[in-house]
Amino acid sequence: MKIMWVVAQITPDMATILSYPKSAFGGWVQNMLDELRTCAELEISVVGCASINKSRHRVLNNIEYYILPIAGKNKSVSEEEAKQVVDSVKPDVIHIEGTEFGISNCFSKFRCCPNIISLQGILSGYEKYQFGGLPLEEMMFSVKYAWAGWTLFFRKILLFNNRIAVENETIRNADYLLGRTIWDRAHSYKINTSAPYFECPRILRQDFYGKEWSEANCRPHSVFVGNGYSALKGGHFVIEAIDQLRNEFPDIHLYFAGQAPFDKKLGMKSSMGYAAYVKKLIRGKGLSDYVTYLGVLPGDKMAEMMLSSNVYVLPSLIENSPNTLGEAMILGVPVVSAYTGGVPSMVEDSTEALLYRADDPVMLAWQIKQVFDNPEAATERAKNAKEHAMKTHDAGRNRKIMLDIYHDIVDGGDHT
């Protein structure tokens, strides 16, 4: 059975072929490919794109790679070159990972065989949360935050809205849809009511398996957030929660994975958009000594940081199935998470984590306090979450699920 994957990310194998540094993002793609390439009945090819002058073709680790030059905005590729690859491979199934980029849209139009489109996030479901609950109109016409507010506004108009149109067309072109949560099922159904839907959890990065958090080894009153680069990720609400808690817990400290808004490498960006807002928020509340940005962390460093933290917080206003939540769960780290999007499909409130409304920093502060005040209860919830995540993200189980899905598609099976 010939399976052609189409990806917008530069996978580790693709980075090797291109002599690029390996990215900290998109590891789930490589993880599933590594599992599937062990299946003798599958012939796997992967099509990606990069800023190169001419296409590359190479077999690596029993997978055939085609890397096409980016042609235009939004990771678009030449339809002619894409068709040449499809004609050469003659796949039984085209598996498109992600929906919002030009390369996904291009391959979704080929009708030579069935396609299955894997849902990462769904932008039309994210749209109303893009400003992170910030009072945008008020910011746009204030002296202090005008530059940040207008930058956020134009970024959405110029970048986000165009990707929504591309994504909607891609999802409408789907023969089959692949998701993980009730949230992506609902939002994809709104766009394409006829495509059968399959469910398959992700395989997490190997750095997070076989390790376990313990209270004895963590940094007391440390709070870790895995992503704070945009307003949608809700980092500003965690900063407000830390401000509320610092009198009771003077040693409290907030750690973000990602680039600091103070970083000189950002140049003008540190004075624009969300970075400008966060920088002023931290300084305005006198929290510079309470907040640390760690830079982009590879998997092993991310795992180390989670294991050393007292609590992992997912503050996003919207998510589908956030990998960092799964990673914290599989490590057994106490979790406080926004009740949003697909999160309730991943973790159970009270027994596995403490959930709160995404835009409520007062409730967030209270839930963090519960972790600090009741370490035995926090540890028990974390153990339950770990047990849940070990099943959800089991590599062998998920490989079998994916293989069965391919058989269903090739055999003309149906699913809902």
Side-chain angles (χ1 to χ4, degrees), residues 128-140 142-149 151-152 219-263 270-294 309-319 322 324-325 328 334-341 343 349 353-373 378:
K128 65 181 178 180
Y129 304 100
Q130 276 300 294
F131 302 131
L134 296 173
L136 191 69
E137 291 185 8
E138 181 180 323
M139 290 171 62
M140 290 165 72
S142 72
V143 174
K144 187 175 182 181
Y145 293 114
W147 193 235
T151 302
L152 284 168
R219 189 180 297 112
H221 305 145
S222 57
V223 179
F224 179 65
V225 176
N227 194 328
Y229 75 90
S230 68
L232 179 148
K233 297 296 182 180
H236 47 289
F237 291 121
V238 193
I239 293 167
E240 291 183 27
I242 297 302
D243 186 41
Q244 293 175 43
L245 292 169
R246 63 173 163 169
N247 289 333
E248 184 174 356
F249 304 101
D251 61 338
I252 195 169
H253 203 93
L254 171 59
Y255 295 90
F256 282 105
Q259 194 171 25
F262 315 101
D263 195 332
S270 67
S271 302
M272 300 168 64
Y274 186 63
Y277 177 83
V278 170
K279 182 166 64 175
K280 290 179 180 178
L281 180 65
I282 292 171
R283 289 176 174 169
K285 292 185 176 295
L287 289 172
S288 296
D289 293 334
Y290 293 82
V291 182
T292 299
Y293 285 81
L294 301 167
S309 299
N310 202 158
V311 59
Y312 162 80
V313 173
L314 178 78
S316 300
L317 278 85
I318 190 65
E319 290 279 2
T324 52
L325 173 58
V335 168
V336 171
S337 174
Y339 188 104
T340 187
V343 167
D349 188 23
L354 296 178
L355 304 186
Y356 71 100
R357 179 178 167 131
D359 59 354
D360 188 347
V362 174
M363 189 65 186
L364 168 57
W366 177 258
Q367 298 293 56
I368 293 172
K369 173 178 161 59
Q370 299 315 297
V371 174
F372 293 166
D373 287 348

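Starting from 1, each residue takes its place in the sequence as its number. None of the values given here were measured: they were computed from a predicted structure. These numbers come from the heavy atoms of this one structure, side chains and all, not from hydrogens, waters or symmetry mates.
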(message) Surrounding OH of Y339 (heavy atoms of other residues, nucleotides or ligands, distance under 6.0 Å), is the total greater than 12?
(response)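 No, the 6.0 Å shell around OH holds no more than 12 heavy atoms from other groups.
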May I ask you to test the [X]-[Y] pair for a side-chain heavy-atom distance under 4.5 Å?
X    : Y    : answer
P315 : Y356 : yes
F372 : V311 : yes
Y293 : V278 : yes

To the closest 0.5 Å, what do you measure between [atom1] ([X]) and [atom2] ([Y])?
X    : Y    : atom1 : atom2 : result
L254 : I282 : CG    : CD1   : 7.5 Å
I239 : Q244 : CD1   : CD    : 12.5 Å
H253 : D289 : NE2   : CG    : 8.5 Å
R219 : D251 : CZ    : CG    : 11.0 Å

(message) Let's go through S316 and Y129 carefully: what are the C-alpha distance in whole Å and the side-chain angles of both, what is the deciding distance for side-chain hydrogen bond (donor to acceptor under 3.5 Å, both in side chains) to 0.1 Å, and is it a yes or a no?
(response) CA-CA 9 Å; S316 300; Y129 304 100; over 6 Å; no
(message) Taking the ring centre of each residue, are Y255 and F224 less than 6.0 Å apart?
(response)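 No, they do not, as the ring centres are separated by 6.0 Å or more.
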Closest approach of [X] and [Y], non-hydrogen atoms and distance?
X    : Y    : value
P361 : A241 : O-CB, 3.8 Å
Y290 : I252 : CD2-O, 3.4 Å
V343 : S337 : CG1-OG, 3.6 Å
V238 : L364 : CA-CD2, 3.8 Å

(request) Take V335 and L314 through the test side-chain contact (heavy atoms from CB on, under 4.5 Å) and record every step on the way to the result. (result) CA-CA 8 Å; V335 168; L314 178 78; 5.9 Å; no
(message) D243: which residues meet the salt bridge (Lys or Arg N to Asp or Glu O under 4.0 Å) condition with it, sequence neighbours left out?
(response)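 With neighbours one apart ignored, the set is R246, K285.
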(request) Output all residues satisfying salt bridge (Lys or Arg N to Asp or Glu O under 4.0 Å) with D373, sequence neighbours left out; order by chain, then residue number. (result)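 Scan of D373 (salt bridge (Lys or Arg N to Asp or Glu O under 4.0 Å), adjacent residues dropped) gives K369.
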Could you pull out every donor-acceptor pair under 3.5 Å between side chains of residues 229-237 and any protein atom, sequence neighbours left out?
from: K233; atom 1: NZ; to: E319; atom 2: OE2; distance (Å): 2.8
from: H236; atom 1: ND1; to: Y274; atom 2: OH; distance (Å): 2.8
from: H236; atom 1: NE2; to: G132; atom 2: O; distance (Å): 2.8

(message) Run the side-chain contact (heavy atoms from CB on, under 4.5 Å) test on N227 and T324 for me, step by step, so that the C-alpha distance in whole Å, both residues' side-chain angles and the decisive distance to 0.1 Å come before the verdict.
(response) CA-CA 9 Å; N227 194 328; T324 52; 5.8 Å; no
(request) Give a yes or no answer on whether the side chain of S222 reaches the backbone of N310 with a donor-acceptor pair at less than 3.5 Å. (result)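 Judged by distance alone, yes, a pair lies under 3.5 Å.
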